[in-house]
Student: 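Just passing along the structure, written as structure tokens.
In what follows, chains carry the letters A, B, and so on, assigned in the order in which the sequence lines appear, proteins first and then strands, with residues in each chain numbered from 1.
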Number of protein chains: 2
Amino acid sequence: MRYFVAVAEELHFGRAAERLQMAQPPLSRAIQQLERRLGVQLLNRDRRGVSLTAAGKTFLEEARRALDAVDAAVRRTRRAAMAKPTLVLTTKAGASHELLKRLLDAYAARPGAVEIDVLLCEIGEQRQLLLNGRADVAIMHAPFDLMTGLESVEILTEGQVAILPASHPLAKRSSLTMAEVSNVPDLPIARWPRHDFTYPPGPGPEVRSQSQLAQLVALGRTLLVIPASSRAWQWPEHVAVPVTDAPLATTLLAWPAGIKSPALTGLIETAKQLAEQFKEQVAA
Amino acid sequence: MRYFVAVAEELHFGRAAERLQMAQPPLSRAIQQLERRLGVQLLNRDRRGVSLTAAGKTFLEEARRALDAVDAAVRRTRRAAMAKPTLVLTTKAGASHELLKRLLDAYAARPGAVEIDVLLCEIGEQRQLLLNGRADVAIMHAPFDLMTGLESVEILTEGQVAILPASHPLAKRSSLTMAEVSNVPDLPIARWPRHDFTYPPGPGPEVRSQSQLAQLVALGRTLLVIPASSRAWQWPEHVAVPVTDAPLATTLLAWPAGIKSPALTGLIETAKQLAEQFKEQVAA
DNA sequence: CCCAGCTGATACCGCAGCGGTATCAGCAGG
DNA sequence: CCTGCTGATACCGCTGCGGTATCAGCTGGG
């Protein structure tokens, strides 16, 4: 399966073999054998390269899932065997600083709380980290993150703010609308890489991380719209302005469906209590 | 992993080896090697048998998940390669006859509908069938079925009825309460097997299938409480009486999280339309 | 038109690793 | 103390994986 995923991603036996640190002929044979055992043609070998059949596309998805499950099994078992149980929490670097701190503090105060390692990641990586067992639990944002295969509890629902360069005229406004922040000619929305690491076309700068984005805003090159609680990482050159009609953003605590350690149950409980506190704050 | 799951389930190397159709010594070595590679002790070998460590319990769960994922990959790929695409729908034998028929008829009327194979199963098996790729989609019942790792749409929410032997005094009533149907001395609730095939203690008869249960009701040995739409399989000797304070039962169309074939999308769409129809019926 | 260069496939080889049989070692019960 | 049960160890043979060398089909350039 690992071999097939490599070939399907590279669409080239030679490069795939290189990535797998092996020679090309055994790789070719392994894939042939896989196709024979499945009784299914996965690849079209035309002159000039390789392409996936419909069944191949299915198998690529499924194989990724299965490999993740095996990885997760190994990692979770190793971690379960450690003398000191710990919980790995992953969150987008820089997002929801205040909220994360409150969650961690409240959890640490519980009797029987275990140590929590925080694993910072880039946008959109949390789901992958949960599914392959590198993390136990994540802070994510609906409706922006894909929650498929995860369970979650809501912590906080809130409006969004636009983060603008302080020098820009829009930064002086007390509120904005989506129509006003979309299509600002001198502040085009940044472009994030797709799954295959290529970028969609468009006028905005190409970015790979939050910190790049933060710097580009400070330089007056772009703007962004994020949940209000995520603006902890504002720079001095940044100004946050509420966007009144932006979709509501919900911060969630999420974990892989069906994984329930006692430590995780405690953290979920804490998150629910925190959610109650936030709701009361809003009501008051 | 297959080896470990066998040993963990049997808690006995000899029997596990037999189940795996191999000799005991290579199995012992394979497990040792697995433990060495993981760097984790999975089993306690006491004199007199084997028991799981905490890490072993984790690995058992995770290994089952991973093996399911591999199975699912193989099966789904094989089915994706078939000339005629089909959808396998699984449902508890005898449940929601009328509703199933309406769903299938409505779907078949759609343009581009594919053939749907119906795979009947026993209570609680649907989740497993979805996760290991034997089925694509299931009809399930909240809050009775475990939905972890599945996505779903609601089709119908309804009250529950008690299925009673016609000869029993309670059968003459026009409605009942949970208090009245729990603890009827001569109609004790049937007991279903646990995951390890043992039965919980109690006075009720042991059953393994809906049809056994149906017969036991007809014989005047037990009663059961089920969603109103599931009573299609009533026998002549059965009487259905509404239970006014039973929890509402929701019939759902469910599929493995993250699996989305075009055919499945069509069926989900059909289910949503059907749900609308039911809602209107209730409103009228 | 032919050849260089790219692709993936085939031929053959050597060794690692798996599963087999035979046997051992610890322990419980008669 | 011996028997019978457990899982572990010793040793062996073969399957199968990955390696190198080479082939075969197609493409594009001179």
Side-chain angles (χ1 to χ4, degrees), chain A residues 1-60 63 66-67 70-71 73-74 77 81 196, chain B residues 1-60 63 66-67 70-71 73-74 77 81 196:
Chain A
M1 283 185 164
R2 262 179 50 233
Y3 291 1
F4 176 78
V5 170
V7 173
E9 283 177 1
E10 300 284 348
L11 292 176
H12 189 290
F13 279 79
R15 282 196 299 275
E18 197 174 342
R19 198 167 104 183
L20 294 166
Q21 313 233 55
M22 66 187 294
Q24 169 263 319
L27 177 58
S28 284
R29 261 182 309 142
I31 300 293
Q32 285 173 2
Q33 185 174 331
L34 177 65
E35 290 182 319
R36 231 175 306 125
R37 287 187 188 171
L38 287 170
V40 170
Q41 181 146 2
L42 300 171
L43 298 171
N44 293 316
R45 286 96 157 157
D46 296 306
R47 55 190 168 275
R48 204 118 219 108
V50 176
S51 64
L52 286 168
T53 64
K57 282 181 194 136
T58 299
F59 192 68
L60 176 57
L67 290 171
V70 173
D71 270 17
V74 172
T77 305
D196 58 356
Chain B
M1 283 186 163
R2 262 180 48 233
Y3 291 1
F4 176 77
V5 170
V7 174
E9 283 178 0
E10 299 284 348
L11 292 176
H12 189 291
F13 279 79
R15 281 196 300 275
E18 198 175 340
R19 198 167 104 183
L20 294 165
Q21 314 233 55
M22 66 186 293
Q24 168 263 320
L27 177 59
S28 283
R29 260 181 310 141
I31 301 292
Q32 285 174 2
Q33 185 174 331
L34 177 66
E35 290 181 319
R36 231 175 307 123
R37 287 187 187 172
L38 287 171
V40 170
Q41 181 146 5
L42 299 171
L43 298 171
N44 293 315
R45 286 96 158 158
D46 296 306
R47 56 190 165 276
R48 205 116 218 108
V50 176
S51 64
L52 287 168
T53 63
K57 281 181 194 137
T58 299
F59 191 68
L60 176 57
L67 291 171
V70 173
D71 271 16
V74 172
T77 304
D196 58 357

Student: Taking CZ from Arg15(B) and P from dT6(D), how many angstroms apart are they, rounded to a whole number?
Tutor: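 For the pair Arg15(B) CZ and dT6(D) P, the rounded distance is 8 Å.
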Student: Rounded to the nearest Å, what distance is computed from the CZ atom of residue Phe13(B) to the C1' atom of nucleotide dG19(C)?
Tutor: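 After rounding, the gap between these two atoms is 16 Å.
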Student: How does each nucleotide of nucleotides 17-25 of chain D score, in 5' to 3' order, for protein heavy atoms under 4.0 Å: base (B), sugar-phosphate only (S), or none (-)?
Tutor: SBBBB----
Student: Between His12(A) and Gln32(A), name the one whose nearest nucleotide on DNA chain C is closer to the 5' end.
Tutor: His12(A)
Student: Can you tell me which residue pairs pass the side-chain hydrogen bond (donor to acceptor under 3.5 Å, both in side chains) test with a partner in residues 32-43 of chain A, sequence neighbours excluded?
Tutor: Glu35(A)-Arg45(A)
Student: Glu10(B): which residues meet the salt bridge (Lys or Arg N to Asp or Glu O under 4.0 Å) condition with it, sequence neighbours left out?
Tutor: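 With sequence neighbours excluded, Glu10(B) shows a salt bridge (Lys or Arg N to Asp or Glu O under 4.0 Å) to Arg15(B), Arg19(B), given in chain and number order.
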Student: Out of curiosity, Phe4(A) CZ to Thr77(B) OG1, how far, rounded to the nearest 0.5 Å?
Tutor: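 Here the rounded value is 8.0 Å.
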Student: What is the distance, to the nearest angstrom, from the CZ atom on Arg36(B) to the C1' atom on dG17(C)?
Tutor: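 Going from Arg36(B) (CZ) to dG17(C) (C1'), I get 12 Å.
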Student: According to side chain to side chain donor-acceptor pair (under 3.5 Å), who are the partners of Asp71(B), at least two apart in sequence or on a separate chain?
Tutor: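 For Asp71(B), the residues satisfying side chain to side chain donor-acceptor pair (under 3.5 Å) (neighbours in sequence not counted) are Arg75(B).
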Student: In chain order, what residues pass the side chain to side chain donor-acceptor pair (under 3.5 Å) check against Arg29(B), with sequence neighbours excluded?
Tutor: none
Student: Atom CD1 of Ile31(B) to atom P of dG7(D): distance rounded to whole Å?
Tutor: 11 Å
Student: Check whether any side-chain nitrogen or oxygen of Ser28(B) sits under 4.0 Å from OP1 or OP2 of dA8(D), and answer yes or no.
Tutor: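 Yes, because at least one side-chain N or O of Ser28(B) sits under 4.0 Å from OP1 or OP2 of dA8(D).
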Student: Round to the nearest Å and state the distance from Gln41(B) atom CD to dA8(D) atom P.
Tutor: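 Nearest whole value for this atom pair: 10 Å.
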Student: Check side chain to side chain donor-acceptor pair (under 3.5 Å) between Ser28(A) and all other residues, then give those that pass, not counting sequence neighbours.
Tutor: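 With neighbours one apart ignored, the set is Gln24(A).
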Student: Rounded to the nearest angstrom, tell me the gap between atom CG in Leu34(A) and atom P in dG16(D).
Tutor: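 Whole-Å distance recorded here is 16 Å.
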